[in-house]
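Taking it in order: structure first as structure tokens, then the write-up.
Note that this is a predicted model, so its numbers are computed, not measured. In what follows, every chain begins at residue 1, and chains take the letters A, B, ... in the order their sequences are listed.
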Number of protein chains: 2
Amino acid sequence: MTESIESYALDEQVGYLLRLANQRHASIFQSHTLDGLTPTQFAALIRIADLGKCSQNRLGRLAAMDVATIKGVVDRLRQKGFAVVEPDPDDKRRTLISLSPEGEAMVARMKDVGQQITNETLKPLTAAEQRNLIRILRKIS
Amino acid sequence: MTESIESYALDEQVGYLLRLANQRHASIFQSHTLDGLTPTQFAALIRIADLGKCSQNRLGRLAAMDVATIKGVVDRLRQKGFAVVEPDPDDKRRTLISLSPEGEAMVARMKDVGQQITNETLKPLTAAEQRNLIRILRKIS
DNA sequence: ATTCAATTGTTCGTACTATAATAATCAAAG
DNA sequence: CTTTGATTATTATAGTACGAACAATTGAAT
């Protein structure tokens, strides 16, 4: 009863643990991916595939990325030849983003790899724990 | 049975959900902290308080930060007046890091705030889910 | 038709993250 | 005592992330 006031267990704080879990996942991701595609770029790519042609800001919102962040991500996807950019004829403010054929091929390949990455990340857990983690993370996201 | 091949639910992948959870936590952290202290800086500060005077690389290892990352973090903590840096007389390669009096005061204040941040981050969860999340995150970290 | 508010995309500044390369130092083994 | 191998810290490069400020454009209200 004398140590409770001063004690603060960093290793049991959600924030710290989320950072560690992210680190581990990023490292697993990197060991599986080709063309140096990052988790963020992959998420954006999947979203474009699901949404079809859409504006940059809308893509950012639906991929949970800041306007400044999505700009950089789209730039790199374009640079790597996975995304195509064109002005919206109906709204001069907008830039329309879509997948190139190489982007489509990459998405097809990455869906399998993505599943492997998820499996490897969750491997230390039982099946019940895996379901639980996903469910709980969705509640605090 | 026709859609299983092409479907890939980004919103159910651990990696994506971990990124979102991190975003939410960082935003909560930022709304509680003073002096612009970041979650990473806070973690480093707590570790220094627990370890006492120690080398920069050792601090980085125990706070789960890359050598390049911990350097930047220590630089900023020093700049803000929370950390003190001195050469190790016994090993000319090493730089010893310790807390300044202001750093000690900040740690004392932040332990309370840290608990509030954790509580708010976990608020959408039941008590059982909170315990579960921490336990599961520790298994995959 | 003009003003006003909102949206879109860009840029800047700051911070975190990791890898790779480098230089200085240390410890241990020959 | 010198070579070898490991450790420590620094730097460069690249990517993610966000807030803030900005200009251009749009749509709606007056």
Margin query: Using a heavy-atom cut-off of 4.0 Å across all strands, would you classify A:Lys92 as base, sugar-phosphate, or nothing?
Written below: sugar-phosphate
Checklist line | Check ion pair B:Lys71-B:Asp75 (N to O, under 4.0 angstrom) | finding: yes
Check: Rounded to the Å, how far apart are A:Ile97 CD1 and C:dG9 C1'?
Finding: 10 Å
Margin query: So that I can tick it off, tell me whether B:Glu102 and B:Lys80 are bridged by a salt bridge, with the cut-off set at under 4.0 angstrom between side-chain N and carboxylate O.
Written below: no
Check: Are any of B:Arg19's side-chain N or O atoms less than 4.0 Å away from OP1 or OP2 of D:dA17?
Finding: yes
Margin query: Regarding A:Asp66, tell me which of base, sugar-phosphate or nothing describes its non-hydrogen contacts under 4.0 Å with the strands shown.
Written below: base
Note to self: If you compare every side-chain N and O of B:Gln56 against the phosphate oxygens of D:dT8 (OP1, OP2), does one of them come in below 4.0 Å?
What the structure shows: no
Item checked: Given DNA chain C, 5'-ward residue of the pair A:Ser27 and A:Ser55, judged by closest heavy atom -> A:Ser55
Check: OP1 or OP2 of D:dT7 sitting under 4.0 Å from any side-chain N/O of B:Arg94?
Finding: no
Check: Does the base of C:dT25 carry an N or O that pairs as donor and acceptor with the side chain of B:Arg93 under 3.5 Å?
Finding: yes
Note to self: Considering every strand and a 4.0 Å limit on heavy-atom distances, what is the contact class for A:Arg76: base, sugar-phosphate, or nothing?
What the structure shows: base
Next item on the list: Grab the two heavy atoms, one from B:Val107 and one from B:Ala49, that are nearest each other, plus how far apart they are.
Entry: CG1-CB, 4.0 Å
Next item on the list: Could you tell me the separation between the CG atom of B:Leu96 and the P atom of D:dT7, rounded to a whole number of Å?
Entry: 18 Å
Check: Below 4.0 angstrom, N of the basic side chain to O of the carboxylate: do A:Lys53 and A:Glu86 qualify?
Finding: yes
Check: In whole angstrom, what separates A:Ile70's CD1 from C:dT11's P?
Finding: 16 Å
Notebook entry, point to check: Checking all strands, does A:Thr69 fall into the base, sugar-phosphate, or nothing category for heavy-atom contacts under 4.0 angstrom?
Noted result: base
Checklist line | Length of the CG-C1' vector between A:Asp88 and C:dT7, whole Å | finding: 13 Å
Item checked: Short side-chain N/O contact from A:Thr95 to OP1 or OP2 of C:dT8, under 4.0 Å -> no
Checklist line | Basic-acidic side-chain contact under 4.0 Å: B:Arg47, A:Asp11 | finding: yes
Check: What about the rings of B:Tyr8 and A:Phe42, do their centers lie closer together than 6.0 Å?
Finding: yes
Checklist line | Whichever of B:Gln30 and A:Val73 has its nearest DNA chain D nucleotide further upstream toward 5' | finding: A:Val73
Check: Counting only side-chain N and O atoms of B:Gln23, is one of them less than 4.0 Å from OP1 or OP2 of D:dT16?
Finding: no
Check: Roughly, in whole Å, what's the span from CG in B:Asp91 to P in C:dA28?
Finding: 12 Å
Next item on the list: Return the 5'-most residue of the pair A:Ala68, A:Pro89 with respect to DNA chain D, ranking by each residue's nearest nucleotide.
Entry: A:Ala68
Next item on the list: Using a cut-off of strictly less than 4.0 Å, decide whether B:Asn57 has a side-chain nitrogen or oxygen near OP1 or OP2 of D:dT7.
Entry: no
Item checked: Contact nearer the 5' end of DNA chain C, comparing B:Lys80 with A:Val67 -> A:Val67
Next item on the list: Please state how far atom CG in A:Asn22 lies from atom P in C:dT17, giving the value in whole angstrom units.
Entry: 10 Å
Note to self: Rounded to whole Å, please give me the gap between CD in A:Gln41 and C1' in D:dA17.
What the structure shows: 14 Å
Notebook entry, point to check: Given atom CG of A:Leu59 and atom C1' of C:dT7, what is their separation to the nearest angstrom?
Noted result: 16 Å
